[in-house]
Amino acid sequence: MDLNLSTNAKITWCPGCPNSQILVAFRQAVTELVAGGKLKPENLVALSGIGCHGKITDYLNVNSFTSLHGRVIPTMTGVKSANPSLTVVGFSGDADTYDEGIEHFIHAARRNSDINLFIHDNQIFALTTGQATPTTPKGFKGKSTPFGSIEEPFNPLLIMLSSGATFVAQTFAGDIAGTKRIMLSAMVHKGFSFVSIIQPCITFFDTRDHYKERVYWLDDSFPKNDLSAAIAKVMEGGGKTPLGIFYQVEKPTFEEELNK
Amino acid sequence: MDLNLSTNAKITWCPGCPNSQILVAFRQAVTELVAGGKLKPENLVALSGIGCHGKITDYLNVNSFTSLHGRVIPTMTGVKSANPSLTVVGFSGDADTYDEGIEHFIHAARRNSDINLFIHDNQIFALTTGQATPTTPKGFKGKSTPFGSIEEPFNPLLIMLSSGATFVAQTFAGDIAGTKRIMLSAMVHKGFSFVSIIQPCITFFDTRDHYKERVYWLDDSFPKNDLSAAIAKVMEGGGKTPLGIFYQVEKPTFEEELNK
Amino acid sequence: MAKQIKPIMTVGIGGAAGDGIREAGSNLGILLNDVGLKTHFSFKYPSLIRGGHNYSRLSFSKEKIFYDYKKLDVLIALNEESIKRHLGELNKNAIVFAENFDDEDKKALGENAISLPLTEFITNIKAPSITRSSVALGALCYLLDLPLGNMTKIFNEIFRAKSPETNILLAEMGYKHLEKLNIKHSNLIAHELINSPTAEFIDGNTAVARGLVAAGLNTYVSYPMTPSSSILHFLASQERNFKIKVIHPENEISSINMALGMAYAGERVAVGTAGGGFALMQEAFSLAGMAEVPLVVAVSQRHAPATGVPTHSSQSDLRFVLHAGHGEFPRIVIAPGDPEESFRAGADALNLAWKYQLPAIVLLDKHVSENMTTSTINPKSVMIEKGKILISVDSSYKRYALSKDGVSPLAFPGTPNAVVKFDSYEHDEGGITTEEIPTIKAMQEKRFAKYASLAKEFKNFETVKTYGDPKSKNVIVFWGSTKTVLLEAAKYFKKTVKILQILWLEPFDVASVSKNLKGAKKIINIESNHNGQLAGLIREKTGIEVTNSILRYDSAPFDPLELAETLNKLI
Amino acid sequence: MAKQIKPIMTVGIGGAAGDGIREAGSNLGILLNDVGLKTHFSFKYPSLIRGGHNYSRLSFSKEKIFYDYKKLDVLIALNEESIKRHLGELNKNAIVFAENFDDEDKKALGENAISLPLTEFITNIKAPSITRSSVALGALCYLLDLPLGNMTKIFNEIFRAKSPETNILLAEMGYKHLEKLNIKHSNLIAHELINSPTAEFIDGNTAVARGLVAAGLNTYVSYPMTPSSSILHFLASQERNFKIKVIHPENEISSINMALGMAYAGERVAVGTAGGGFALMQEAFSLAGMAEVPLVVAVSQRHAPATGVPTHSSQSDLRFVLHAGHGEFPRIVIAPGDPEESFRAGADALNLAWKYQLPAIVLLDKHVSENMTTSTINPKSVMIEKGKILISVDSSYKRYALSKDGVSPLAFPGTPNAVVKFDSYEHDEGGITTEEIPTIKAMQEKRFAKYASLAKEFKNFETVKTYGDPKSKNVIVFWGSTKTVLLEAAKYFKKTVKILQILWLEPFDVASVSKNLKGAKKIINIESNHNGQLAGLIREKTGIEVTNSILRYDSAPFDPLELAETLNKLI
Ligand SMILES: Cc1ncc(C[n+]2csc(CCOP(=O)(O)OP(=O)(O)O)c2C)c(N)n1
Ligand SMILES: Cc1ncc(C[n+]2csc(CCOP(=O)(O)OP(=O)(O)O)c2C)c(N)n1
Ligand code: SF4
Ligand code: SF4
Ligand SMILES: [Mg+2]
Ligand SMILES: [Mg+2]
């Protein structure tokens with residue numbers, strides 16, 4: 001089979017933007033799934049929110065639904081519950097999901113909707129030219145906070161673990177192989193899969209060096225089915241940023257229960 | 001001073017509804033604060049969402065803003081940031097805050113807005129005659145789930161602890177003295193105070209006996225400033241329901257930072 | 001009009017919330033249908049769960065009855081307040097059932113005050129307080145000569161799951177109590193049992209839901225909000241029966257966005273809410289327009305703005321739905337006036353949404369949604385219009401292929417070779433985001449071409465309806481639930497009039513409306529809103545100005561006799 | 001019209017996003033203002049952060065210039081694509097600055113192709129790529145005989161925080177480079193330095209923000225959305241200067257509900273967004289109507305529906321804002337056409353919102369919001385209208401006390417003795433929820449009484465404006481940003497016309513509009529939307545039908561010369 005995952009759309013991310021690495025990792029993951037007979041290309045649906053991240057649907061020659069800012073998650077659940085044989089992947093941003101539509105984030109996790117949510121977390125509103133999001137460090141000087149943001153960031157991994165997500169992972173856009181691996185695991189997982197992708201915005205908040213020094217992969221012995229261990233891990237201080245799968249368990253999915 | 005906290009509005013809760021106990025507890029708390037010189041009555045603002053809980057503003061002869069379904073929290077933050085000398089209390093329901101407007105719940109906690117949120121958690125949409133909410137047990141047969149609800153409930157206390165709330169407590173409407181005590185602590189606390197009030201709906205989901213047997217108060221030795229301990233406590237299984245203050249710490253508030 | 005009116009009787013049932021007042025009324029309506037009487041039933045209630053004043057009112061007759069009357073022939077008062085409230089509304093010889101009457105009431109009512117030992121009966125058999133109404137219904141059967149056996153049948157039907165025996169027993173006790181007293185009403189309407197009635201006693205919400213199901217609904221998504229909630233409750237209860245899915249998500253924004261995802265994946269979906277919930281759906285409604293997603297939204301109006309009066313009615317959201325969603329895009333807005341039209345509107349909206357790949361609104365209000373009336377609903381009359389669906393394609397498939405009628409063939413994800421791209425940005429034929437001016441223009445025109453296609457369909461639908469004398473120079477114009485009260489009022493008109501109902505508010509059938517209004521000497525517009533929104537719309541679209549507007553914006557319903565009086569003065 | 005037009009020059013600056021194209025344009029505009037020239041500046045850009053084609057265009061003259069022209073006298077091309085795109089738009093003798101020209105370009109341009117060694121200059125002093133435009137601006141100063149010293153002053157001003165030296169140095173290098181080549185433009189416009197210019201070069205968003213501040217704004221709340229974001233950015237940057245608070249919450253729903261809480265507690269607040277963000281604010285907007293909360297919403301339109309084309313303009317949300325929010329309630333909608341009107345609209349909206357305790361919308365679009373023009377803004381001309389505020393009350397205070405003008409005295413929480421109750425339910429005078437019919441009616445009428453009061457104010461405001469010949473039987477009617485391009489086009493009209501601008505869309509000044517349209521032989525309506533929304537509104541309100549509508553719905557701006565040509569044919 002000749003799998004063409006590219007469209008004619010011109011890529012309009014800033015040259016060097018790690019979003020391109022996410023795109024590459026995803027294409028590789030899909031290629032691998034298709035080659036392995038685990039996925040028919042027509043059964044893949046890619047959705048996105050609005051932001052730099054959201055441009056990705058234009059660059060993927062697969063079924064797609066470019067949704068509204070903050071609303072990709074319910075749209076994904078809609079797709080999956082209408083046709084459970086589809087593999088539903090959503091790309092979203094930190095403003096998109098942690099600000100505008102965070103209600104859906106919590107509830108999709110709670111109901112264990114069988115969808116895969118990949119957050120391009122650049123700790124910034126990028127497409128609107130640089131304002132602080134819920135993951136931006138306090139004190140950040142952006143367009144809407146020129147004297148420094150006054151809000152503490154939160155920890156989306158912890159929020160997910162508290163909300164019932166059955167797959168919680170983190171990866172770093174710069175590590176294409178690692179990102180591909182996590183994406184694969186997420187897509188194969190039955191239930192709500194949350195992947196936080198650390199994606200430095202090289203234009204408005206360039207954290208490439210910061211993270212390159214700090215990220216590390218969980219080692220294989222990390223217990224994936226222990227909620228308390230996962231919570232402790234994601235709350236761990238010490239200036240390091242763990243990557244890998246923090247938590248993965250099986251529970252009945254929303255769509256299974258709905259279509260029962 | 002002659003403190004009249006009642007209006008002429010006729011109380012239209014079902015006879016025996018524990019909402020009345022919450023009303024009594026709150027009036028007692030306010031009376032105590034005013035008597036103790038800690039609050040001028042004109043500086044108190046009560047807000048509410050829409051639901052049975054939301055009728056409370058009509059019954060309180062204090063400044064009030066009956067807001068929209070799910071939107072009481074941002075309105076509260078607005079009031080407080082405009083005039084930080086006001087004491088801002090919001091009454092909301094489990095559908096109101098955990099469903100419709102949960103985005104504000106998370107973000108008010110994250111930004112440590114100096115407001116007091118009292119949730120009348122009856123595990124039901126009461127005013128709309130009985131549908132499952134995010135705290136209703138899976139399998140519940142309500143008007144929108146006559147064959148049993150298919151979603152797992154979540155734990156609002158855990159969500160709050162994960163979101164940055166600086167005061168997290170739970171009480172039981174049937175225990176008026178205990179509720180009053182918690183309300184007092186919450187209102188005196190500087191920062192975002194979350195109080196989950198277990199309030200059985202005697203008409204659509206009567207859990208009075210269930211809880212009467214299961215609730216217990218945390219003992220005085222429980223450490224209030226230990227986030228991990230608080231998380232462990234609210235995640236504790238065993239069929240018992242702890243009441244009391246799980247967590248309380250001081251952090252700069254949103255309104256302090258904003259008006260700096 | 002002004003012809004001989006057949007006898008009409010009216011029964012009122014009052015009590016507190018929690019007394020089962022609505023159920024008593026609707027059970028009576030079913031019974032009346034069983035004996036071939038036509039009924040109109042309205043239900044008034046405050047926004048609370050226990051206490052307050054709930055009030056069911058049914059008028060019935062041998063001929064079609066469009067609306068219920070204020071003046072009562074029978075009052076069933078399940079609490080003291082109900083007597084006081086309605087004492088002034090009794091016709092001559094009206095009978096009042098209650099547990100107790102105070103001296104004042106007794107004096108006023110004389111022997112028409114009939115005490116029913118409700119509490120005694122239910123205490124005897126340890127039944128809950130809510131069953132008191134069954135005693136009264138039993139007594140009513142004797143009073144009005146209605147077959148008690150059918151009441152039993154109805155209880156068996158309705159309480160199937162929850163043991164009907166108690167209610168049946170209590171109805172018998174009520175019946176026998178009256179039999180012993182040997183009291184019959186003096187104005188009985190003759191009737192006879194019908195074996196299998198073709199008509200049914202139904203409300204607008206149930207009818208619209210059944211219309212959707214008849215047109216192939218797969219999934220209904222809704223967050224509860226009065227007065228739309230009974231669509232949700234009815235469809236949820238029938239999930240297995242109709243083989244549909246019903247979802248109640250975290251809020252309205254989630255509801256409509258889920259629905260868009262479902263339609264994308266091939267399901268026929270509808271969402272339902274009230275004005276305030278629809279306010280939250282505006283952005284996604286606009287997305288349905290841009291991405292050309294087939295979607296039905298049932299919007300039931302209540303007194304607004306904001307939370308308003310949740311259980312009172314209004315027609316104040318006409319302009320709001322006509323212009324809902326930012327930007328411009330074609331939509332359909334149909335406003336039925338009664339359950340039969342609601343059924344039709346539900347079915348047509350879903351079919352047209354799919355035929356034209358656009359959002360369609362069924363605009364209801366508290367009255368259409370909740371009033372019940374004897375209606376004929378025929379699901380078999382509905383054909384499912386699937387629209388331009390492709391089940392196999394090659395890889396050149398383009399979701400937004402330009403086409404003269406504005407409708408591009410639609411494939412669903414999962415179709416081999418197809419790459420189906422929906423986009424909330426302006427896009428090219430393939431569904432890829434564009435900022436190219438000619439493409440933007442072409443896409444805007446493609447979407448609006450649907451209106452031209454729809455205009456050709458006007459003749460296939462009742463975009464407008466007329467009643468009365470088609471040649472009259474006096475025209476009354478209205479939309480929505482005004483239908484019922486107006487057609488009842490029309491029985492009392494002194495002059496002939498033409499009555500024009502506008503069912504399709506968008507697209508607006510300018511030609512038909514103009515034709516019906518042109519040459520009129522007087523045009524009287526009736527609406528339950530403050531601004532006379534239909535009058536404005538008519539003027540915008542046709543240039544014709546109405547002569548008078550009768551506007552009611554206090555959230556109370558019109559009364560047929562009062563309305564007739566007002567109109568008789570104006571015409 | 002058709003009088004002698006003073007010479008006009010046009011400069012285009014093209015490059016990629018990230019090249020500082022907008023800033024180069026606005027700096028040039030400030031410089032031109034310093035030498036007493038009037039300028040209009042527009043900026044086109046795609047929705048991306050780096051790359052793509054960004055394009056600034058400025059036309060300037062000694063007399064008022066309303067819009068910029070397609071044909072260029074100077075093109076500054078910071079990349080190859082910019083030459084190719086605009087080569088066909090050059091006037092005779094136009095000069096093109098670029099780093100390199102390919103053979104084709106050279107052939108086409110001859111000696112008018114001027115190479116600037118941009119990369120060499122910036123590399124020499126290790127400056128970042130974005131500073132290349134400063135070299136070009138310096139060269140332009142020489143070419144157009146503009147004072148380099150003022151450019152330096154502007155750089156000092158703008159880059160105060162970020163060391164302006166680099167840009168100043170590069171401008172000098174560019175200037176000297178041209179000086180060496182000794183090239184002056186052949187069509188120079190005479191000008192002279194003004195010491196302290198009273199006019200300023202400003203965009204509509206900044207102007208509306210300053211209008212709000214002039215009228216006493218305390219807090220601005222907004223979630224970013226193009227094309228409204230620069231209000232947020234500007235006000236955030238001036239937070240300390242203006243002593244205001246600026247909040248960027250989690251989403252639009254939070255923004256507006258926060259704002260309602262602030263107004264309740266006594267702060268003068270505004271929120272800002274685009275059509276799609278306003279779609280999310282509908283429910284709370286309705287609450288502002290019900291609870292009578294003073295609130296300003298700045299809505300800047302962009303191509304829609306849905307996400308649309310974020311950086312392209314549109315006038316498609318007129319009806320959407322007129323009917324925003326479920327239910328009926330009074331509101332004010334003002335649509336300014338340029339920065340001066342935007343300033344006024346911001347100030348008036350905030351004052352009127354407080355005077356009448358209602359929501360007021362300033363309706364902008366991408367052009368009004370972002371185009372810059374030489375304007376006169378006088379904050380001192382604005383008086384703060386506080387409204388009926390009580391600072392001391394007794395305990396009988398009732399928040400919704402009935403009053404003839406519809407406006408109840410307002411106390412804030414914190415006032416001793418006052419119990420201030422706002423309610424989203426229908427309520428009584430004290431702000432307690434009601435379901436009583438007479439109270440509901442009285443409250444609806446109280447709220448709508450504000451329209452009667454406002455109608456008496458029409459004479460104090462420019463609800464409509466006219467231009468051209470007041471007696472002409474040819475009338476052109478428009479609203480919003482069409483003003484600028486139309487008034488520029490009017491310089492080329494062959495016949496006299498009357499031009500009618502409708503600034504207040506709600507309440508609609510029926511008498512003034514009718515008076516201005518009555519007796520017209522021809523009425524031509526111009527809008528940037530598909531449906532001709534203003535035409536519909538005029539017909540609804542006045543019964544008058546426009547003769548023609550010139551509608552543009554492809555998201556591109558009108559061009560003054562093309563528009564003049566079209567209109568000359570029609571008139
Ligand atoms: C309802 C709505 N509000 C605001 C916007 C404007 N907007 C476009 S992208 C964006 C945020 C982008 O941030 P994020 O989601 O983190 O994506 P990124 O650009 O960083 O990838 C916003 C606010 C919008 N399109 N819709
Ligand atoms: C936007 C919107 N959606 C729906 C409703 C209808 N509604 C009124 S109360 C309510 C839920 C009540 O549940 P909860 O918040 O738990 O309050 P309770 O009645 O249980 O105290 C709903 C959905 C509404 N008023 N507004
Ligand atoms: S602005 Fe940031 S996130 Fe967006 S394309 Fe550029 S580097 Fe990437
Ligand atoms: S329905 Fe439930 S929550 Fe509401 S008043 Fe009755 S008992 Fe209380
Ligand atoms: Mg981001
Ligand atoms: Mg509840």
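What's counted below: heavy atoms across the whole structure, side chains too, no hydrogens, waters or symmetry copies. Quick caveat, the model's predicted, so the values are computed rather than measured. Residue numbering restarts at 1 for every chain, and letters A, B, ... go by the order of the sequence lines.
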**Asked** Does R319(C) pair with E540(D) as a salt bridge, N-O distance under 4.0 Å?
**Response** yes
**Request:** Walk me through it: do F448(C) and H530(D) pass the test ring-ring contact (aromatic ring centres under 6.0 Å, His included)?
**Result:** CA-CA 9 Å; F448(C) 275 106; H530(D) 182 277; 3.8 Å; yes
**Item:** When P305(D), G327(D), P310(D) are compared by non-hydrogen pairs under 4.5 Å with chain C, the top option
**Value:** P305(D)
**Request:** Identify the two heavy atoms, one from D554(D) and one from I440(C), that lie closest to each other, and give their separation to 0.1 Å.
**Result:** O-CG2, 3.5 Å
**Complete:** So OG of S314(C) and NE2 of H326(D): to nearest 0.5 Å the spacing works out to 10.0 Å
**Request:** Determine the option with the most heavy-atom pairs under 4.5 angstrom with chain C, choosing from V299(D), D317(D), N531(D).
**Result:** N531(D)
**From F320(C) atom CZ to S286(D) atom OG, the distance as rounded to the nearest 0.5 Å** = 7.5 Å
**Item:** I253(C), part contacting chain D, at a heavy-atom distance under 4.5 Å
**Value:** side chain
**Message:** Heavy-atom pairs under 4.5 Å with chain D: which of A279(C), G277(C), A306(C) has the most?
**Reply:** A306(C)
**Message:** So for F329(C), is it side chain, backbone, both, or neither that comes closer than 4.5 Å to the heavy atoms of chain D?
**Reply:** side chain
**Message:** If I take atom CG from residue L280(C) and atom CD from residue E283(D), how far apart are they, to the nearest 0.5 angstrom?
**Reply:** 4.5 Å
**Parallel, tilted or perpendicular: rings of H323(C) and H323(D) (30°, 60°)** = parallel
**Complete:** CG (L287(D)) and OG1 (T307(C)) are apart, to the nearest 0.5 Å, by 7.0 Å
**Request:** Check each atom of R447(C) against the heavy atoms of chain D and say whether the ones under 4.5 Å are side chain, backbone, both or neither.
**Result:** side chain
**Item:** chain C contacts, top residue of L318(D), I437(D), V309(D) (heavy-atom pairs, under 4.5 Å)
**Value:** I437(D)
**Selection from Q282(C), M281(C), E435(C) maximising heavy-atom pairs under 4.5 Å formed with chain D** = E435(C)
**Portion of T433(C) that has a non-hydrogen atom of chain D nearer than 4.5 angstrom** = neither
**Request:** Please flag which part of P438(C) lies under 4.5 Å from any non-hydrogen atom of chain D: side chain, backbone, both or neither.
**Result:** neither
**Prompt:** Any idea which of D423(C), N529(C), L322(C), T434(C) has the most non-hydrogen atom pairs under 4.5 angstrom with chain D?
**Reply:** N529(C)
**Message:** Under a plain distance cut-off of 3.5 Å, with no hydrogens placed, do Q533(D) and E328(C) share a side-chain donor-acceptor pair?
**Reply:** yes
**Message:** Please rank G308(C), A304(C), G289(C) by heavy-atom pairs under 4.5 Å with chain D and give me the top one.
**Reply:** G308(C)
**Complete:** Greatest number of non-hydrogen atom pairs under 4.5 angstrom with chain D, of S316(C), S555(C), A535(C), falls to S316(C)
**Prompt:** Side chain, backbone, both or neither: which part of H303(C) has a heavy atom under 4.5 Å from chain D?
**Reply:** side chain
**Message:** Just checking K446(D): does its NZ atom have more than 12 heavy atoms from other residues, nucleotides or ligands closer to it than 6.0 angstrom?
**Reply:** yes
**Complete:** If you tally heavy-atom pairs under 4.5 Å between each of E436(C), E545(C), K541(C), Q301(C) and chain D, the highest tally belongs to K541(C)
**Request:** Name the member of R539(D), E426(D), E445(D) that forms the most heavy-atom pairs with chain C at distances under 4.5 Å.
**Result:** R539(D)
